[in-house]
J.: 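Would you mind keeping the following structure in view while I ask a few things?
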Amino acid sequence: MPREEGESPGYTFFMSVRVRFAPSPTGRLHVGNVRTALYNWLFARRQGGTFVLRIEDTDAARSESRFEEQLCRDLRWLGLQWDEGVEVGGEFGPYRQSERYPLYREQARGLLQQGHAYRCFCSPEELERVRAERLAAGHPPGYAGTCRDLDPGEAARRVKQGEPAVLRFRVREGAVSFDDLVFGRLEFDCRQIGDFVLQRSDGSPQYNFAVVVDDLGMRISHVIRGEGHVSNTPRQLLLYEALGEPPPRFAHLSTILGPDGAKLSKRHGSTSLGEFREQGFAPEALVNYLALLGWSPEGEGREILSREELCREFDLSRVHRAPAVFDQTKLTWVNRNHLRDRPAAELLPLVLPALQRRGWVGEDPPGPVSRWLESLIEALRKYLESGEALAQAAEVVFDFRPERDLEQPETREVLESDGAVRTIRAFQKALGGQDRIEVVDFKQAVKTAGKETGVRGRDLYHPIRIALTGRGSGPELDRVVELAESGRGLPLPSPPPGVRQRVERVLALLP
RNA sequence: GGCCCCAUCGUCUAGGGGACUAGGCCGCCGGCCUCUCACGCCGGAAACACGGGUUCGAAUCCCGUUGGGGCUACCA
């Protein structure tokens, strides 16, 4: 959806592009926030700008440092390294709001002195009562202005005496407008706004105030954030105005929805970045899919894009305004495309955790085991939608339990068909007595069994497949043989049985 | 309640008044391949929310309706 106002107005030629991602450390990184971070990062890379990571932890009750650490780890895992901010430093720090209180206090003092702000002594209960009244009368529920015209000297005296007070911003009359880089021109009537809080009674800064002081202090040129903030923008614009500073450009991003059209939340399944990492999704795939959720490159049929292509082409003017529905099925498809041509050795870290969770592989597998696992991945490649999906497909190798599988109706049906058991016996006999069964030996044995029983094609392979895996479907039998034989002597928690062992165990259960 | 935003196949989207018989990806359905499930390849069904304008001509511009979302805090 291209628009006239691009993101490169004249002044960017002499003013450098600086963007920021400013999460609150109150939980795991959510895909909606990840996309915001990604768009900021892509915009910075495309424009040759700086990507800043700032932590908004003014809500002391909900903020935890472990969430901050996790957040940084998640961002790095995704490959969204920040140029400036927490953990890496920079010349406009500190980058944690809890460490910037002196800065907020200084600006608050200035605003108070110039009359842009005033003390308010209203109690929360009083405020709540007035709000309910105004709402009932059909008025905007904003602050009624009770303390607006208190004498400043009198107010200062009450504060000195220890009376709790907040600092409120005196909203002017008229309207505020701005050109949003994705939504276009937006205008707000100041009567809708109401005098908002700058500083709480405990002295901590309120969100809108802290953001403006920080964005100014960090020389942010473009604020790219969630749509929920468009209604905060006029408040912030008013603050820039009072502070006598030019505001940055704004770009708001629509919300990400779940399949039912409601805002994406836990009940829709996986929503945190960590969950996708644990399921064995590649960071490149997440980046690719999330970039496409609300944005599209120029040209048709371009779905699989590398990080480099995205950096080269990302463009705020093509960002969609409507909310987008998160579709894990498509993410899976994108993931498969990114994994498809990757060497098995690179895939191992993605698959290994899922294998370990199932208890099939121990911690720190030794070299021979790793090499075998690589051949496993190679053999099961077609099932590689994610590390988790591949591990599930590996059941045919690790989870051989004929006692259980032979009870399945579909398996029984095959085994009860004419000549099935006879075919398996003939196959067992044809395997011969050598220690290790190679694929050629296996092929020969199938052939011999076929000749002996007169069975061919499906009727020949199907019983043998069941004898080897306990299941009616799975990867090519050659592959299964290869894996079972090469894996049987390996130092695994419970090494997979070899071909002969499998056939024996199945036959033992058969009449 | 008030204010703001949004609206193309089930989903993500292309679309800038005539190139639209509305294109592409995912998913779905069918076929091919094949010892099986899958992978892959080929084909198919599937949308401009509705009503009014403006115009020679509207998916595209305007107004309204409906539907969805956001905000309306001493949260961020």
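A note on names: the letters A, B, ... follow the listed sequences, proteins ahead of strands, and every chain is numbered from 1. The shown structure was predicted, so the numbers you read here are calculated from the model rather than taken from an experiment. The figures that follow rest on heavy atoms only: side chains count, while hydrogens, waters and symmetry mates do not.
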J.: Among A:Arg412, A:Arg471, A:Arg465, find the one that has a salt bridge (charged side-chain N to carboxylate O under 4.0 Å, His left out) with A:Asp405.
T.: A:Arg471

J.: Considering just the side-chain nitrogens and oxygens of A:His252, establish if one lies under 4.0 Å of OP1 or OP2 belonging to B:C4.
T.: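 No, because none of the side-chain N or O atoms of A:His252 sits under 4.0 Å from OP1 or OP2 of B:C4.
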
J.: Which nucleotide, in any strand shown, forms a Watson-Crick or G-U wobble pair with B:G43, with both distances under 3.5 Å?
T.: B:C29

J.: With a 3.5 angstrom cut-off on both distances, give the Watson-Crick or G-U wobble partner of B:U36, or none if there isn't one.
T.: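 Check on B:U36: unpaired, no WC or wobble geometry under 3.5 Å.
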
J.: Can a side chain N or O of A:Arg318 be found less than 4.0 Å away from OP1 or OP2 on B:G15?
T.: yes

J.: Need the pair for B:C71. Rule: Watson-Crick or G-U wobble, both distances under 3.5 Å, any strand; none if unpaired.
T.: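 B:G2 - that is the nucleotide pairing with B:C71, both distances being under 3.5 Å.
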
J.: Tell me whether the ring of A:Trp333 lies stacked over the B:C26 base, given a 5.5 Å limit on centroids and a 30° limit on the plane angle.
T.: no

J.: Among B:U11, B:A38, B:U72, which is the nearest nucleotide to the side chain of A:Asp327?
T.: B:U11

J.: CZ of A:Phe188 versus P of B:C3: gap in Å, rounded?
T.: 13 Å

J.: In whole Å, I'd like the distance from the CD atom of A:Glu395 to the P atom of B:C37.
T.: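 Computing the A:Glu395:CD to B:C37:P distance gives 18 Å.
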
J.: Determine which nucleotide pairs with B:C50, using a 3.5 Å limit on both distances of a Watson-Crick or G-U wobble pair.
T.: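 Its partner is B:G64 (Watson-Crick or G-U wobble, both distances under 3.5 Å).
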
J.: Mind checking what makes ring pair (Phe, Tyr, Trp, His ring centres under 6.0 Å) contact with A:His30, not counting sequence neighbours?
T.: none

J.: Can we say A:Arg191 and A:Glu173 salt-bridge, meaning some charged N sits less than 4.0 Å from an Asp/Glu carboxylate O?
T.: no

J.: Without decimals, in angstroms, what is the distance between A:Phe326 CZ and B:G69 C1'?
T.: 19 Å

J.: Centre of A:Phe400's six-membered ring, under 6.0 Å away, within 45 degrees of the axis: is that where NZ or CZ of A:Arg502 sits?
T.: yes

J.: Is there, by distance only and without an angle test, a donor paired with an acceptor across the side chain of A:Ser201 and the base of B:C74 below 3.5 Å?
T.: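 Donor-acceptor pair under 3.5 Å: yes.
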
J.: Tell me which nucleotide, if any, is Watson-Crick or G-U wobble paired with B:C9 when both distances must be under 3.5 Å.
T.: none

J.: Who does B:U21 pair with, Watson-Crick or G-U, both distances under 3.5 Å?
T.: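 WC or wobble partner does not exist here.
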
J.: Send over the distance from A:Arg471 CZ to B:A38 C1', rounded to a whole Å.
T.: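 Going from CZ in A:Arg471 over to C1' in B:A38 covers 15 Å.
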
J.: Does B:G40 have its OP1 or OP2 closer than 4.0 Å to a side-chain nitrogen or oxygen of A:Arg340?
T.: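 Looking at the OP1 and OP2 atoms of B:G40, one of them is under 4.0 Å from a side-chain N or O of A:Arg340.
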
J.: Just to verify, what does A:Thr453 make a side-chain contact (heavy atoms from CB on, under 4.5 Å) with, not counting sequence neighbours?
T.: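 For A:Thr453 the side-chain contact (heavy atoms from CB on, under 4.5 Å) partners, ignoring immediate neighbours, are A:Arg422, A:Thr423, A:Ala426, A:Val455.
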
J.: Distance check needed: B:U8 P versus A:Arg321 CZ, whole Å only.
T.: 12 Å

